[in-house]
2 protein chains.
Amino acid sequence: MSEIMTRSIQDYLKHIYELNEYGSAASTNDLAARLNIAPASVTGMLQKLANSKPALVVYKKHQGATLTRPGEKAALEVIRHHRLLETFLVTTLGYSWDEVHCEADKLEHVISEDFEARMAKALGHPTRDPHGELIPTADLVMPADKSCPLASLRTDDTATVRRVSDDDPALLRHLRKIGVVPEVKIVVKSYSEFDGNLTLQVEGQKLNVVLGKAITSQVFVDK
Amino acid sequence: MSEIMTRSIQDYLKHIYELNEYGSAASTNDLAARLNIAPASVTGMLQKLANSKPALVVYKKHQGATLTRPGEKAALEVIRHHRLLETFLVTTLGYSWDEVHCEADKLEHVISEDFEARMAKALGHPTRDPHGELIPTADLVMPADKSCPLASLRTDDTATVRRVSDDDPALLRHLRKIGVVPEVKIVVKSYSEFDGNLTLQVEGQKLNVVLGKAITSQVFVDK
DNA sequence: AAAATTATTTAGCTTCACCTAAATAGTTTT
DNA sequence: AAAACTATTTAGGTGAAGCTAAATAATTTT
Ligand SMILES: [Mn+2]
Ligand SMILES: [Mn+2]
Ligand SMILES: [Mn+2]
Ligand SMILES: [Mn+2]
């Protein structure tokens with residue numbers, strides 16, 4: 001009933017945050033799927049997080065979980081650690097962008113605030129990680145993000161790639177290969193009603209590419 | 001009964017290794033003191049480690065614990081992580097030598113073998129950490145160390161500081177201040193029978209210093 | 001060699017974070 | 001509006017790693 005932030009709790013909060021960003025409350029099953037944990041166990045943890053003092057989530061039976069302000073702060077703390085670590089691993093140890101996620105997922109719970117501050121300073125206080133994801137500020141504010149899924153663009157739209165989902169290494173390697181990385185400009189040459197495929201002209205690439213929804217829903221752009 | 005190396009087990013093995021280096025078997029109480037755990041709990045863990053397959057320690061009631069070869073390998077793995085991390089933190093993030101121990105104690109259990117290899121490469125495969133302690137090789141061999149305690153020197157002995165104990169930050173700051181750091185040469189100007197104090201001339205320092213046993217037993221030199 | 005002291009072990013308990021199986025609630029489909 | 005299906009919760013249990021208190025073994029002192 002107090003200030004103990006275990007690894008498990010940090011992971012629950014982080015994933016609740018990410019699910020909340022999407023739609024609304026994080027459901028038991030979605031959390032279970034993301035955390036690779038049985039739904040029954042998730043229910044137990046949500047009850048605990050809701051009854052802790054201070055409460056970290058708002059939770060009503062059968063209605064999923066939302067973060068309280070303390071819960072959100074704790075989540076942003078972990079997300080800041082994660083994204084700074086990813087940046088650090090790429091910059092300092094030569095990791096490629098498809099390798100950092102897994103390592104950062106373990107380190108994020110273990111580094112000190114001092115370590116966090118030293119990384120931020122050494123990296124020049126970056127605002128985005130290697131996948132273009134926004135890094136919460138040191139005082140735990142998440143910068144506004146107005147990007148939208150590449151999948152929502154249509155013929156003749158132009159946009160700049162801002163960020164890509166970082167949890168599938170194979171997808172990351174593929175995106176790198178076809179040049180779809182943050183800050184690159186793209187033009188939609190055509191859209192297929194039936195399968196949702198987009199044909200793109202990618203800045204710096206000779207040939208156009210055709211991408212399906214499995215990919216375009218994971219890439220976010222600014223128009 | 002198999003290959004699961006928890007944080008706890010890694011810590012037990014590391015401290016058993018260090019106690020074994022000293023005298024012989026690691027006693028229940030010494031381990032309990034180092035790990036900040038009740039002696040009764042240590043007994044329980046030693047029984048588990050001795051009965052696991054493969055056995056990680058040799059343990060006979062009332063006679064303390066010794067590492068088996070598999071246990072020693074696991075210990076050296078953790079110690080290699082720890083010492084590479086300390087070196088990395090100093091070199092890459094500007095930590096001072098009195099700040100790294102605590103951070104490395106947490107990170108040592110969490111980094112991957114890839115992380116270890118990248119650090120080693122980035123640092124030019126160092127053989128000693130910032131305190132002069134030897135780093136086990138990548139294939140888990142601990143290099144021979146023939147240094148002896150500074151406390152064992154007598155008047156007119158000359159020697160080179162090789163390593164210092166790294167667990168007391170205040171002592172480390174003091175040693176830094178008086179110039180007693182690895183690779184520095186010293187001359188013993190006098191020795192006091194009664195309190196064991198040594199008066200030292202330290203290379204690069206204007207004034208001699210007088211050090212008590214609390215300090216000279218924590219500093220190791222080569223004659 | 002007893003007695004006293006210290007070290008170690010045993011026994012029984014707790015908390016955390018999981019699990020499975022069974023019950024129940026909520027949502028669709030017919 | 002049942003029936004069927006899906007999502008979620010409850011109930012009961014496990015293993016890891018710790019704890020305290022009491023028992024016992026080993027060592028040191030008298
Ligand atoms: Mn932080
Ligand atoms: Mn990322
Ligand atoms: Mn290793
Ligand atoms: Mn060290």
Side-chain angles (χ1 to χ4, degrees), chain A residues 1-16 19-20 22-53 55-66 71 74 78 105-106 108-110, chain B residues 1-16 19-20 22-53 55-66 71 74 78 105-106 108-110:
Chain A
M1 322 230 167
S2 56
E3 278 293 288
I4 343 146
M5 281 292 165
T6 64
R7 258 163 273 272
S8 275
I9 292 178
Q10 289 181 337
D11 276 333
Y12 273 91
L13 296 175
K14 183 175 74 163
H15 284 101
I16 293 169
L19 288 168
N20 284 175
Y22 254 82
S24 47
S27 78
T28 303
N29 266 17
D30 285 358
L31 270 171
R34 272 175 172 259
L35 294 164
N36 257 293
I37 281 174
S41 308
V42 172
T43 299
M45 180 61 99
L46 291 180
Q47 289 167 342
K48 195 173 79 172
L49 296 178
N51 294 328
S52 72
K53 278 192 282 195
L56 298 170
V57 311
V58 176
Y59 167 69
K60 287 266 170 63
K61 269 188 193 183
H62 295 277
Q63 298 184 195
T66 303
V78 181
D105 257 351
K106 295 178 303 176
E108 65 190 6
H109 309 291
V110 170
Chain B
M1 320 236 164
S2 56
E3 278 293 289
I4 342 145
M5 281 291 166
T6 65
R7 258 163 272 273
S8 276
I9 292 178
Q10 290 182 336
D11 275 333
Y12 273 91
L13 296 176
K14 181 174 75 163
H15 284 100
I16 294 168
L19 288 168
N20 284 174
Y22 255 82
S24 47
S27 77
T28 303
N29 266 16
D30 285 358
L31 270 172
R34 272 174 171 258
L35 294 165
N36 259 292
I37 281 173
S41 307
V42 172
T43 299
M45 181 60 100
L46 291 181
Q47 289 167 342
K48 195 173 78 172
L49 296 178
N51 295 327
S52 72
K53 278 192 280 194
L56 298 170
V57 310
V58 175
Y59 168 69
K60 285 269 168 66
K61 271 189 192 182
H62 296 277
Q63 296 182 197
T66 303
V78 180
D105 258 351
K106 296 178 302 177
E108 65 191 8
H109 308 291
V110 170

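In what follows, chains carry the letters A, B, and so on, assigned in the order in which the sequence lines appear, proteins first and then strands, with residues in each chain numbered from 1.
The distance between atom CG of L49(A) and atom C1' of dA17(C), rounded to the nearest whole Å, is 12 Å. Atom CG of L13(A) is separated from atom P of dA17(C) by 11 Å (rounded to the nearest Å). Spacing between atom CG of N29(A) and atom P of dA7(D) amounts to 6 Å, rounded to whole angstrom units. The distance from atom CG of L35(B) to atom C1' of dC19(D) is 15 Å, rounded to the nearest whole Å. Rounded to whole Å, the distance from CG on L46(B) to P on dT10(C) is 11 Å. Computed from coordinates, the I37(A) CD1 to dT9(D) P distance equals 15 Å when rounded to whole Å. Remark: P of dC18(C) and CG of N36(A) are 11 Å apart, rounded to the nearest angstrom. Computed from coordinates, the K61(A) NZ to dA23(C) P distance equals 16 Å when rounded to whole Å.
Looking at the side chain of Q47(B), the nearest of the listed nucleotides dC19(C), dT9(D), dT10(C) is dT10(C). Listed nucleotides dG18(D), dC19(D), dA25(D) differ in distance to H62(B); the shortest reach to its side chain belongs to dA25(D). In the set dT8(C), dT9(D), dC16(C), the nucleotide with an atom closest to the side chain of T28(B) is dT8(C). When the nucleotides dT9(D), dT9(C), dC19(C) are ranked by their closest atom to the side chain of T43(B), dT9(C) comes out on top. Counting only heavy atoms from C-beta on, A40(A) has its side chain closest to dA11(D) among dT10(C), dA11(D), dT8(D).
Contact annotation: S27(B) does not reach the phosphate of dA7(C) (side-chain N/O to OP1 or OP2, under 4.0 Å). Taking side-chain N and O atoms only, Y12(A) has a distance below 4.0 Å to OP1 or OP2 of dC18(C). Checking the phosphate oxygens (OP1, OP2) of dT8(D), no side-chain nitrogen or oxygen of Y59(A) falls inside 4.0 Å.
Residue D30(A) holds its CG atom at 10.5 Å from OH of Y22(A), rounded to the nearest 0.5 Å.
Both Q63(B) and M45(A) lie near DNA chain C, and the one whose nearest nucleotide falls closer to the 5' end is Q63(B). Of the two residues contacting DNA chain C, namely K48(A) and S41(B), the nearest-nucleotide position lying further toward the 5' end is that of S41(B).
Nucleic acid contact for S8(B): sugar-phosphate only, since backbone atoms but no base atoms lie under 4.0 Å from a heavy atom of the residue.
The side-chain contact (heavy atoms from CB on, under 4.5 Å) with L56(B) is formed by just one residue from the set L46(B), I9(B), N51(B); it is I9(B).
No side-chain heavy atom of H109(A) sits less than 4.5 Å from a side-chain heavy atom of V110(B). Two residues are said to be in side-chain contact when any heavy atoms from C-beta on lie closer than 4.5 Å; L31(A) and I37(A) fail this criterion.
Remark: the backbone N or O of A65(B) is paired with a side-chain donor or acceptor of N20(B) at under 3.5 angstrom.
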